[in-house]
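It should be emphasised that the depicted structure is a prediction, and the values quoted were computed from it without experimental measurement. Excluded from the calculations below are hydrogen atoms, water molecules and symmetry mates; all remaining heavy atoms, backbone and side chain alike, are included. Counting convention: from 1, in listed order, for ligands and their atoms alike.
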Amino acid sequence: MRALLVSDIHANIDALDAVLEAAPEHDLVWNLGDVVGYGAAPNEVIERVRSLGEIFVRGNHDRACCGQLSLEDFNPVASRAARWTRQVLTPEHVDWLQHMVRGPITPDGPQVSCMHGSYVDEDEYLLSVRDAKLPLKQAETRINFFGHTHLQGGFATNGEDWFKLDPVYSNDDERDVSELVLVPGARYLINPGSVGQPRDHDRRAAFALYDDQRMLVEFHRVPYDFRLAQMRIVRAGLPDQLAMRLSYGR
Ligand code: ZN
């Protein structure tokens with residue numbers, strides 16, 4: 001079984017389409033949340049991801065954009081974008097967002113979980129090995145996919161030592177793949193990265209592929225027409241910062 005992992009698309013249809021075009025053959029799609037928020041094409045992105053399958057966990061922006069989460073904890077830029085998204089979403093899409101499932105979910109038996117933030121707290125950011133220790137101990141599954149930080153990579157432990165997983169790429173601004181072999185007995189937290197708003201100083205759209213036959217995860221980066229996404233953001237009257245950050249991947 002080969003699962004395509006996408007996360008934090010953030011209403012960026014240009015990045016999503018580039019990812020789907022570049023994606024290697026897969027049997028199904030697992031979506032780790034934040035489908036909308038920040039970007040200027042929320043309805044288009046929801047249409048597209050719904051056509052790809054039914055395995056989703058909700059993100060904090062998904063909840064904020066359908067009125068399930070107060071905007072109190074959002075910074076001014078994020079909350080302006082969430083309010084704009086609420087205004088433009090079709091009633092059907094608001095309803096769809098309201099029914100997204102809280103993670104973690106186990107889409108593939110006892111080995112694998114999918115979540116947006118962390119194992120116990122769907123809104124927790126796992127940024128360092130230190131952050132990863134408790135959730136990975138709490139997880140009942142060995143392979144845990146998460147999003148939320150917009151940083152591709154993750155964490156692993158063999159029970160004694162802990163490791164930060166950083167994909168290694170050779171190319172700048174070209175299509176690229178980095179492979180992670182999953183070692184028997186080790187436990188993983190793996191972030192496929194953000195499709196629509198990467199923050200690891202690499203503006204290429206990020207995604208991953210999980211292959212349970214070959215027991216590996218491929219991290220992918222793919223360039224896309226970020227200028228088009230920027231133009232949509234500016235035209236929509238969304239904050240300029242949301243367009244600018246797409247140039248830098250941060
Ligand atoms: Zn996000």
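Each protein N/O/S atom under 2.8 Å from the Zn ion (ligand 1) was counted, for a total of 4.
A donor-acceptor contact closer than 3.5 angstrom links the side chains of His93 and Glu47. With hydrogens and angles left out, the side-chain atoms of Arg102 and His116 include no donor and acceptor closer than 3.5 Å.
For Asp173, the salt bridge (charged side-chain N to carboxylate O under 4.0 Å, His left out) test picks out Arg203, with sequence neighbours left out.
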What donor-acceptor contacts under 3.5 angstrom involve side-chain atoms of residues 19-30, with partners at least two apart or in another chain?
| unit_1 | atom_1 | unit_2 | atom_2 | d |
| --- | --- | --- | --- | --- |
| His26 | ND1 | Pro24 | O | 2.9 |
| Asp27 | OD2 | Arg2 | N | 2.6 |

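Looking at Asn144, Asp8, Thr149, Asp200 one by one, the single match for side-chain hydrogen bond (donor to acceptor under 3.5 Å, both in side chains) with Asn191 turns out to be Thr149.
Connectivity analysis of hydrophobic side chains (ILVMFWY, heavy atoms under 4.5 Å, direct or indirect) links Val234 to nothing; its cluster partners are none.
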